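Here is the structure we will look at.
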Amino acid sequence: MLSEVDVFISNYTLVDPEVYQLWVDGYSSSDAVNILQQRGICQQTNAPVELLASDVLDHYRTYSLLEKLLHTPTKLASEQLAFQIEPQTSQMLIEMYYEFNDSVARELLGKKLTSKNRKDMEEVAERTGVTLKSCRRQYDNVKRVFKTVEDLPGSLVTNIKQHFLLPEELAKRYAAVVFIACLRFEMNKRKLQFLTFPDLHHCANSMMTLWTYRYTGSEYFDTDLDREFLLELPECRTLLENEKHHKHLVCIKLKPMLLERIYQDMDLNFRTYSRAIIGIACNLHRTRELRFFFYELVEKCIEPWRQASWSHTDLRNFLAVFTQCALDMDVLRESDLRDAFERFMKVVTSCLLRMYHT
């Protein structure tokens with residue numbers, strides 16, 4: 001007796017987001033099976049563990065074949081014919097593959113993206129608790145994005161979105177990594193280890209917005225600081241020459257805002273605090289001093305305020321009044337330094353308030 005059998009063959013690529021996430025996170029197929037078992041997948045589906053293992057292995061083979069295309073997301077999304085993938089699935093694959101852990105990203109900041117440093121991923125994996133395979137994926141992704149956009153004019157975020165099809169927020173995070181790498185900021189000193197990736201992302205974004213040529217609206221690279229602006233800043237030392245007047249104005253405004261103990265510390269150490277901030281401004285045009293920008297903020301500003309037990313609100317009030325009183329002084333207006341000083345202080349204030357962990 002003849003039996004009729006309907007057969008349908010398709011090359012449509014099925015993606016299980018849960019399994020794909022485990023693959024992206026660097027787990028082996030056997031580890032993935034164990035994790036899914038612990039999550040109760042076999043009970044939910046009434047499937048034997050052998051079937052689960054076979055299914056996971058099949059998915060893993062597919063993702064390994066897809067990986068080369070993920071290195072060039074535009075090809076995966078539009079140019080390749082090997083895999084039939086819906087646009088939303090393609091976007092999910094790209095976003096999940098290029099996602100990175102803040103802890104791993106922080107370890108990469110301040111390091112050159114070389115094959116030698118890629119070998120250090122074993123140490124990064126130990127320190128962060130992220131799998132070695134995932135650490136290497138993240139390292140390779142950062143290096144790939146950096147190499148692609150470092151020499152392109154215009155907005156880093158726009159260029160990253162265009163070449164890697166990443167969503168806005170993820171593109172901004174990569175842009176911060178590229179910016180810090182291009183300007184070679186010192187990030188590995190012991191005193192800087194308390195700073196998190198979100199802290200440094202925030203600071204980098206402030207600098208890109210206000211200190212690069214983007215601010216002037218001209219043709220720009222997001223990785224180029226506005227040289228004319230940096231060369232204006234040494235003139236801000238005129239504030240040190242008028243320190244008594246500046247201090248007088250600051251003390252009058254701050255006295256009602258601060259506890260007596262904090263006010264006394266500010267009054268006694270105003271010269272130290274003022275010279276630290278203005279000294280950083282005066283030296284930013286020098287490449288070495290620019291590289292040590294974050295270190296200087298911590299050593300010369302944040303540590304003394306911590307020792308004096310300033311609160312975050314105390315610092316916010318001081319920086320706002322310090323800036324406004326300087327802007328109100330004729331000495332800045334007469335020397336056309338008002339805009340440059342305000343532009344400098346907006347970024348420094350933003351960075352200090354983010355970096356000041358109490």
Side-chain angles (χ1 to χ4, degrees), residues 102 104-114 116-118 120 124 139 142-143 145-147 149-152 156 172-216 220-237 273 275-305 340-341 343-357:
D102 287 345
V104 174
R106 178 64 185 90
E107 292 281 345
L108 299 183
L109 294 180
K111 292 183 171 67
K112 288 186 177 179
L113 299 170
T114 61
K116 176 183 178 296
N117 282 330
R118 190 181 189 274
D120 294 341
V124 171
Y139 180 91
V142 167
K143 184 176 180 179
V145 172
F146 176 79
K147 292 292 184 186
V149 304
E150 64 171 322
D151 294 324
L152 295 179
L156 279 176
K172 283 182 177 178
R173 293 168 72 211
Y174 272 102
V177 176
V178 173
F179 178 78
I180 289 169
C182 283
L183 290 168
R184 297 174 60 213
F185 286 110
E186 172 56 58
M187 290 291 166
N188 298 317
K189 297 283 187 186
R190 186 184 298 275
K191 287 185 178 183
L192 299 178
Q193 293 311 302
F194 74 95
L195 295 175
T196 64
F197 177 75
D199 293 337
L200 297 167
H201 171 206
H202 173 91
C203 297
N205 189 55
S206 294
M207 295 170 81
M208 279 190 280
T209 303
L210 289 165
W211 284 4
T212 66
Y213 285 105
R214 184 204 299 187
Y215 182 81
T216 64
Y220 67 91
F221 286 74
D222 256 357
T223 52
D224 284 347
L225 295 192
D226 183 345
R227 198 70 195 158
E228 291 78 9
F229 158 67
L230 296 182
L231 290 170
E232 276 186 274
L233 291 178
E235 300 303 316
C236 291
R237 64 171 52 92
Y273 300 152
R275 294 195 170 205
I277 293 169
I278 295 168
I280 290 171
C282 291
N283 292 319
L284 268 185
H285 65 288
R286 298 192 178 100
T287 303
R288 187 182 184 281
E289 275 72 10
L290 176 63
R291 280 190 62 210
F292 281 84
F293 172 71
F294 293 101
Y295 184 79
E296 296 275 291
L297 286 182
V298 170
E299 186 176 58
K300 294 183 177 178
C301 301
I302 289 174
E303 287 186 345
W305 290 325
F341 183 74
R343 189 175 167 188
F344 168 76
M345 284 305 300
K346 278 182 179 177
V347 171
V348 167
T349 297
S350 177
C351 291
L352 285 172
L353 290 177
R354 180 68 197 220
M355 293 163 63
Y356 194 67
H357 298 189

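All values reported here derive from a predicted model rather than from experimental measurement.
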Provide the closest heavy-atom pair for [X] versus [Y] in the form atom of the first, atom of the second, distance.
X: Phe229; Y: Ala340; value: CE1-O, 3.4 Å
X: Glu299; Y: Pro304; value: O-CD, 3.5 Å
X: Asn188; Y: Gly110; value: ND2-O, 3.3 Å
X: Ile277; Y: Cys301; value: CG1-SG, 4.2 Å
X: Arg214; Y: Thr209; value: NH1-OG1, 3.7 Å
X: Pro198; Y: Arg354; value: CB-NH2, 3.4 Å

Let me see the working for Ser350 and His202 under side chain to side chain contact (heavy atoms under 4.5 Å, CB included), right down to the final yes or no. CA-CA 8 Å; Ser350 177; His202 173 91; 2.8 Å; yes
Pairwise distance [atom1]([X]) to [atom2]([Y]) - rounded to 0.5 angstrom:
X: Asn283; Y: Leu233; atom1: CG; atom2: CG; value: 10.5 Å
X: Glu107; Y: Asp102; atom1: CD; atom2: CG; value: 12.0 Å
X: Ile280; Y: Glu289; atom1: CD1; atom2: CD; value: 10.5 Å
X: Asp151; Y: Cys182; atom1: CG; atom2: SG; value: 7.5 Å
X: Leu284; Y: Glu232; atom1: CG; atom2: CD; value: 13.0 Å
X: Cys282; Y: Leu230; atom1: SG; atom2: CG; value: 12.0 Å

So Phe344 and Leu210, side chain to side chain contact (heavy atoms under 4.5 Å, CB included) or not? Walk me through it. CA-CA 8 Å; Phe344 168 76; Leu210 289 165; over 6 Å; no
With a 4.0 Å cut-off, would you call [X] and [Y] a salt bridge?
X: Asp226; Y: Arg343; value: yes
X: Glu303; Y: Lys191; value: yes
X: Asp199; Y: Arg106; value: no

CZ/Arg227: more than 12 non-hydrogen atoms of other groups inside 6.0 Å: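 Check passes, neighbour count above 12.
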So does Arg184 have more than 12 non-hydrogen atoms from other groups sitting under 6.0 Å from CZ?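 For Arg184, atom CZ is not crowded (no more than 12 foreign heavy atoms under 6.0 Å).
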Apply side chain to side chain contact (heavy atoms under 4.5 Å, CB included) to the pair Leu225 and Leu290, showing each step before the final yes or no. CA-CA 10 Å; Leu225 295 192; Leu290 176 63; 3.7 Å; yes
Using the side chain to side chain contact (heavy atoms under 4.5 Å, CB included) rule, take Phe197 and Leu109 through it: C-alpha gap first, then chi angles, then the decisive distance, then the call. CA-CA 8 Å; Phe197 177 75; Leu109 294 180; 3.9 Å; yes
Picking from Leu152, Val149, Leu156, Leu183, what satisfies side chain to side chain contact (heavy atoms under 4.5 Å, CB included) with Thr223?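 With Thr223 as partner, Leu152, Val149, Leu156, Leu183 yield a single side chain to side chain contact (heavy atoms under 4.5 Å, CB included), made by Leu156.
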Kindly indicate, with the supporting measurements, whether the criterion ring pair (Phe, Tyr, Trp, His ring centres under 6.0 Å) is fulfilled by Phe293 and Trp211. CA-CA 13 Å; Phe293 172 71; Trp211 284 4; 5.5 Å; yes
Where does the angle between the aromatic ring planes of Tyr295 and Phe292 fall among parallel (under 30°), tilted (30 to 60°) and perpendicular (over 60°)?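 Judged by the thresholds at 30° and 60°, the geometry between Tyr295 and Phe292 is perpendicular.
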Under 30°, 30 to 60°, or over 60°: which ring-plane class applies to Phe294 and Phe185, parallel, tilted or perpendicular?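 Ring orientation, 0 to 90° scale: perpendicular.
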Non-hydrogen side-chain atoms of His201 and Lys172 separated by less than 4.5 Å: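 When only atoms from C-beta onward are counted, Lys172 and His201 do touch, with a gap below 4.5 Å.
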